[in-house]
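Chain letters run A, B, ... following the sequence lines, proteins first and then strands; every chain starts at 1.
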2 protein chains.
Amino acid sequence: MLQAAIRVLQAQGYKITEPRKQVLEVLEGAQKPLSPYDIQSFLKQKGKYLNHVTIYRILDLFCSLNLAHKVLSIGGFVKCSLGTAEGCHRFMVCHQCGAIQEFADKELCQGEDAFTRNLGFHTKYHLSESSGLCADCFRKQFEEQKLG
Amino acid sequence: MLQAAIRVLQAQGYKITEPRKQVLEVLEGAQKPLSPYDIQSFLKQKGKYLNHVTIYRILDLFCSLNLAHKVLSIGGFVKCSLGTAEGCHRFMVCHQCGAIQEFADKELCQGEDAFTRNLGFHTKYHLSESSGLCADCFRKQFEEQKLG
DNA sequence: GGCTGATTGCAACATTGTTGCATCTAGCTT
DNA sequence: AAGCTAGATGCAACAATGTTGCAATCAGCC
């Protein structure tokens, strides 16, 4: 996975630097979207230091290469898990634990395209964030209700 | 329209104050999403002053009552045009002129629900932002291409 | 090992959002 | 119509987030 991202960087002529590898690694290991400052404090705990400006620039780069996405409802970044779906970012966000999962579905895109086209709009990028409960949190809540 | 919003406020026991009426009016007249500070400078031009804290609080209230929505990809607020669609906010954003239009479609919601349910996720809120070109900007671009 | 352009760090700043508390006012009561 | 009071606003101070220009550094080339 990390290797794949590194290959993308190389292919586009970007240098493989320590800061870039570190940010990649952090995103890789994260279960939730991380803001630039989240990433900074995460690294600080491991005794590493990156200037926040650097992190912003690295994330900008990653997003432009589709190696990461910004989750708007949270303001954090996640590693892109679906290199395929260009111009279409769909996430499920658990509002309990913050867990996030990316998904893609052509039919949804087509549905949105069709609907907006009827209104004279020419859609280029899709963004959708479905928030609710992930499987784990739903089960927990369900069991609590049974008890209560 | 403005009257409708005022009635919602009254019905919930909130006071009808000058600042709240002013923010409502600004949102009403806007073609694009406005950030809290946008609203402040807009009012300043008309010789009126509101503290930015006040604007933040008013917008929070409006959002909680579904009188306004925050458009995440832009960070601005729009007046809610579809009082109906609770838990479902869909926008088309023109990345040329910034124009915005809200829409709703049950089928899209159902599609998203079905898809995420298959992944064990229980969706409660839908958010989608389709960005592209509005009818006007598309036409302009098309004509420019013909000339160039 | 040295060169060079890309990358990072730094400092300073701009913007955006938050909190606690004093003051004021909308809408009720009398 | 005047007074009362909870709710709303303003203010000040601060916290968090994001940006810019420039000097120092380093990855990947020779």
Side-chain angles (χ1 to χ4, degrees), chain A residues 2-3 5-26 32-44 46-65 67-78, chain B residues 2-3 5-27 32-44 46-65 67-78 98:
Chain A
L2 210 138
Q3 285 309 315
I6 287 181
R7 245 174 287 131
V8 171
L9 287 171
Q10 277 175 331
Q12 308 282 330
Y14 293 103
K15 293 180 180 173
I16 311 305
T17 65
E18 260 315 298
R20 284 175 183 167
K21 279 193 283 186
Q22 285 172 17
V23 171
L24 266 180
E25 228 170 283
V26 171
K32 310 175 184 183
L34 300 177
S35 75
Y37 285 94
D38 286 342
I39 294 173
Q40 189 179 44
S41 46
F42 196 92
L43 285 169
K44 197 176 268 174
K46 299 205 293 177
K48 297 174 181 178
Y49 171 76
L50 284 189
N51 190 280
H52 71 279
V53 180
T54 301
I55 299 175
Y56 273 96
R57 297 199 263 229
I58 288 175
L59 289 172
D60 278 351
L61 175 66
F62 285 1
C63 284
S64 75
L65 296 174
L67 296 173
H69 297 320
K70 183 171 191 180
V71 180
L72 297 171
S73 57
I74 297 178
F77 292 80
V78 288
Chain B
L2 209 137
Q3 286 308 315
I6 288 182
R7 245 173 289 132
V8 171
L9 287 172
Q10 277 175 332
Q12 308 282 330
Y14 294 103
K15 294 181 180 171
I16 311 304
T17 65
E18 261 314 300
R20 283 175 183 166
K21 280 194 282 186
Q22 284 171 17
V23 172
L24 265 180
E25 229 170 282
V26 171
L27 289 180
K32 310 177 185 183
L34 299 177
S35 75
Y37 285 94
D38 285 342
I39 294 173
Q40 188 178 45
S41 45
F42 196 92
L43 285 169
K44 197 175 270 176
K46 299 205 293 176
K48 298 173 180 179
Y49 171 76
L50 285 189
N51 189 281
H52 71 278
V53 179
T54 302
I55 299 175
Y56 274 95
R57 295 198 265 228
I58 289 176
L59 290 171
D60 278 351
L61 176 66
F62 286 1
C63 284
S64 76
L65 296 173
L67 296 174
H69 298 318
K70 184 171 193 181
V71 180
L72 297 172
S73 57
I74 296 178
F77 291 80
V78 289

(request) Describe the nucleic acid contact of A:Tyr14 in one word from base, sugar-phosphate, nothing, applying a heavy-atom distance below 4.0 Å. (result) sugar-phosphate
- Would you say a side-chain N or O of B:Thr17 is under 4.0 Å from OP1 or OP2 of D:dA8? no
In whole angstroms, the gap separating C1' of D:dC11 from CD of B:Gln40 amounts to 13 Å
Here the distance between atom P of D:dT17 and atom CG of A:Asn51, to the nearest Å, is 15 Å
Looking only at D:dT9, D:dC11, C:dC10, the nucleotide nearest the A:Tyr49 side chain is C:dC10
Whole-Å distance, A:Asp38 CG to D:dA16 P, equals 12 Å
Rounded to whole Å, the CD-C1' distance (B:Glu18 to C:dG27) equals 15 Å
When rounded to the nearest 0.5 Å, the distance separating CD1 of B:Ile39 from OG1 of B:Thr54 is 12.0 Å
Value for CD (A:Glu25) from CG (A:Leu43), rounded to nearest 0.5 Å, stands at 9.0 Å
From OH of A:Tyr56 across to P of C:dC10 the rounded distance in Å is 17 Å
Between CD1 of B:Ile55 and P of D:dA8 the distance, given in whole Å, is 17 Å
Answer with base, sugar-phosphate or nothing: what part of the nucleic acid does A:Arg57 contact at a heavy-atom distance below 4.0 Å? base
Separation of D:dG18 atom P from A:Leu34 atom CG, nearest Å, is 13 Å
The answer to which of B:Lys15 and B:Asp60 contacts DNA chain C further toward the 5' end, by nearest nucleotide, is B:Asp60
Walking DNA chain C from its 5' end, the first of B:Gln10 and A:Pro19 to be reached, judged by nearest nucleotide, is A:Pro19
d(B:Lys21 NZ, B:Ile6 CD1) to nearest 0.5 Å is 6.0 Å
Checking C:dG17, D:dT19, D:dG10 against the side chain of B:Leu50 (C-beta onward), the nearest is D:dG10
In this structure, CD of B:Gln22 is separated from OH of B:Tyr49 (nearest 0.5 Å) by 12.0 Å
Under 30°, 30 to 60°, or over 60°: which ring-plane class applies to B:His52 and B:Tyr37, parallel, tilted or perpendicular? parallel
Any side-chain N or O of A:Tyr37 under 4.0 Å from OP1/OP2 of D:dT17? no
Is any side-chain N or O of B:His52 under 3.5 Å from a base N or O of C:dT15, one able to act as donor and the other as acceptor?
no
Rounded to whole Å, the CZ-C1' distance (A:Phe77 to D:dG18) equals 10 Å
